[in-house]
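Every number for a ligand or one of its atoms is a count from 1 in the order of the listing. One-based numbering along the sequence shown.
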Amino acid sequence: MPKLNENYLNLKESYLFSEIAHRVNSYASAHPDKKIIRLGIGDVTLPIGSKVISQLHEGVDALANAETFKGYGPEQGYAFLREAIVDYYMRNNIVIEADEVFVSDGAKSDTGNITDLFDKDNVILIPDPVYPVYVDTNIMNGRNITYIDANAENNFLPMPDHSVHADIIYICSPNNPTGAAYNKEQLKEWVDYALENNAIILYDSAYECFITDETLPRSIFAIEDSKKCAIEFCSLSKTAGFTGTRCGYTIVPKDLSFTASTGAKLSLNAMWNRRQTTKFNGVSYIVQKGAAAAFSVEGMAQCKENIKYYQENARIIAEGLARKNILYFGGINSPYIWFECPNNMDSWDFFDYLLNNAQVVGTPGAGFGKNGQKFFRLTSFGNRENTIEAIKRIEKLF
Ligand code: MLT
């Protein structure tokens with residue numbers, strides 16, 4: 001009999017968004033006449049911009065001709081896309097090199113897969129509430145997690161406790177689920193803490209495109225010395241509407257190295273390259289053509305148009321909650337609005353209440369950790385009509 005990875009026994013029975021889909025599908029089958037508005041999972045609804053679409057078509061056409069046909073591509077991503085990403089960072093005054101960029105099918109996979117590079121015995125520091133992938137993938141590997149509280153008192157932006165040691169620190173800013181975003185000084189404190197502890201920051205910047213406050217950093221690499229202690233994950237899912245198309249990237253600085261127990265220097269860039277070349281065969285040429293177009297000046301301008309639309313949805317949701325005096329966070333530099341459940345309800349109870357009484361689907365805060373027990377997340381990625389209708393229905397209930 002095979003010995004199974006019994007760490008799976010320590011996971012919740014199903015992944016958060018699978019559980020939500022299951023509950024919503026059961027409700028929908030029992031109530032086929034009801035119009036359900038889905039503002040749960042952060043899935044985009046607007047079509048991809050024309051610049052990207054034309055490049056996706058070009059990618060398809062290239063495969064139709066022997067002269068331009070592509071088989072396996074480089075596991076790390078085509079040079080044209082890695083360079084387009086470097087250029088995008090450069091336009092934000094951040095210098096990275098193309099061989100520090102690894103293209104992938106998304107930040108979800110990479111934030112999970114990065115755990116391959118680390119031993120089981122590390123002190124893993126994860127904020128609570130948090131995107132459940134960071135927690136679940138560490139549990140799958142049998143790691144213990146030290147949680148750091150994010151709550152209304154610290155505006156959901158916890159700062160390091162210098163008396164506590166950590167080896168690996170997860171940060172997501174702008175944050176999923178709370179929408180809170182660190183400023184430069186706060187991130188600098190995290191970088192200093194990581195350097196003090198000889199630790200590494202795993203920085204998820206999947207929502208950087210939603211930053212409207214120009215003073216806020218869009219990347220951990222906007223912070224001095226961060227290349228000595230951080231890996232950044234980003235995604236085109238929300239930036240360019242690629243939730244279904246799938247493309248993301250991870251930046252592993254070449255400066256990032258640690259001393260092994262043998263005394264040898266281990267480069268994280270070389271290790272990630274080794275991991276990817278072994279376990280991953282790259283993203284399709286077609287998708288990479290489209291992704292490169294998204295990073296062009298014209299392509300990014302089109303992405304920003306879609307983002308503006310979602311930001312207006314966020315404003316509509318936030319204003320509705322404010323009219324009802326419901327305490328909320330996020331929605332300004334983020335597509336997520338994180339609010340206190342009315343009447344002191346628990347978040348799963350509120351989820352069921354909202355589904356049954358308003359046919360609006362959100363995400364219960366408890367799914368992101370214990371500090372989300374009394375909170376609820378709505379996404380601004382719905383269409384305008386549904387967003388307005390959802391907030392009207394919610395306002396009617398309270
Ligand atoms: C979310 O709703 O939290 C995200 O869409 C999930 C993801 O990006 O995987």
Side-chain angles (χ1 to χ4, degrees), residues 11-12 14-24 37-46 48 104-115 126-138 140 150 156 170-181 202-210 232-250 283 291 303 306-307 310-311 313-314 317 329-331 333-339 347-348 351 354 360-369 371-372 375-383 386-387 390:
L11 292 167
K12 290 193 186 127
S14 60
Y15 181 61
L16 172 62
F17 293 106
S18 315
E19 171 62 24
I20 291 173
H22 171 71
R23 291 197 192 201
V24 175
I37 300 179
R38 292 173 163 82
L39 302 180
I41 191 162
D43 195 3
V44 293
T45 48
L46 289 175
I48 293 173
S104 74
D105 68 331
K108 179 179 185 178
S109 322
D110 282 2
T111 52
N113 292 334
I114 200 78
T115 55
I126 300 188
D128 174 330
V130 79
Y131 181 39
V133 171
Y134 316 153
V135 171
D136 286 1
T137 53
N138 277 294
M140 285 171 181
F156 290 96
Y170 283 81
I171 297 179
C172 175
S173 181
N175 188 265
N176 178 13
T178 68
L202 301 177
Y203 190 81
D204 186 347
S205 65
Y207 299 94
E208 58 87 15
C209 238
F210 283 81
E232 178 156 297
F233 306 89
C234 200
S235 160
L236 283 178
S237 285
K238 318 295 154 83
T239 303
F242 271 43
T243 49
T245 311
R246 307 304 312 151
C247 193
Y249 60 90
T250 291
V283 174
C303 293
N306 284 2
I307 288 167
Y310 297 133
Q311 284 168 331
N313 285 348
I317 296 171
F329 297 82
N333 297 298
S334 156
Y336 297 126
I337 294 99
W338 175 252
F339 63 94
S347 64
W348 275 110
F351 173 89
L354 211 55
V360 173
V361 179
T363 309
F368 299 103
N371 289 327
F375 281 84
F376 203 74
R377 194 194 78 177
L378 288 178
T379 151
S380 63
F381 288 119
N383 73 31
N386 282 347
T387 303

message: Quick check for you: to the nearest 0.5 Å, what is the distance between Thr363 atom OG1 and Phe351 atom CZ?
response: 7.5 Å

query: Got the closest protein heavy atom to atom 8 (O) of ligand 1, with its distance?
result: Lys238 NZ, 3.1 Å

- prompt: Do Asp43 and ligand 1 have an N or O pair less than 3.5 Å apart?
  reply: no

- prompt: N/O to N/O below 3.5 Å, does that happen between Arg377 and ligand 1?
  reply: yes

- prompt: Among all protein non-hydrogen atoms, which one is nearest to atom 6 (C) of ligand 1, and what is the separation to 0.1 Å?
  reply: Tyr131 CE1, 3.7 Å

Element-labelled atoms of ligand 1 that are located less than 4.0 Å from some non-hydrogen atom of Gly42: 1 (C), 2 (O), 5 (O)

- request: For Thr111 and Asp204, test the side chains for any donor-to-acceptor distance below 3.5 angstrom and give the result as yes or no.
  value: no

field: Distance-only N or O hit between ligand 1 and Phe368, under 3.5 Å
entry: no

query: So, for Ile37 and Asn386, which heavy atoms are closest and what is the spacing to 0.1 Å?
result: CD1-O, 3.5 Å

- prompt: Between Tyr310 and Tyr207, does the ring centroid distance fall short of 6.0 Å?
  reply: no

field: Side-chain (Asn313) to main-chain (Gly382) donor-acceptor, under 3.5 angstrom
entry: yes

statement: ring pair (Phe, Tyr, Trp, His ring centres under 6.0 Å) with Phe375: of Phe339, Phe156, Phe368, only one passes, and it is Phe156

- prompt: Mind checking whether Lys108 has an N or O less than 3.5 Å away from an N or O of ligand 1?
  reply: no

field: Asn383 and Thr45 side chains, donor-acceptor separation under 3.5 Å
entry: no

- request: Report the distance from atom CD of Glu208 to atom OG of Ser334, rounding to the nearest 0.5 Å.
  value: 12.5 Å

message: So if I count the atoms of ligand 1 from 1 in the order they appear, which ones are less than 4.0 Å from some heavy atom of Asn176?
response: 1 (C), 3 (O)

message: Using a 4.0 Å cutoff against the non-hydrogen atoms of Phe17, which atoms of ligand 1 qualify?
response: 1 (C), 2 (O), 3 (O)

task: Measure Ile41 to ligand 1 on non-hydrogen atoms and call it side chain, backbone, both or neither using the 4.0 Å cut-off.
output: both

message: Taking 4.0 Å as the limit for heavy-atom contacts, which would you say applies to Tyr336 with ligand 1: side chain only, backbone only, both, or neither?
response: side chain

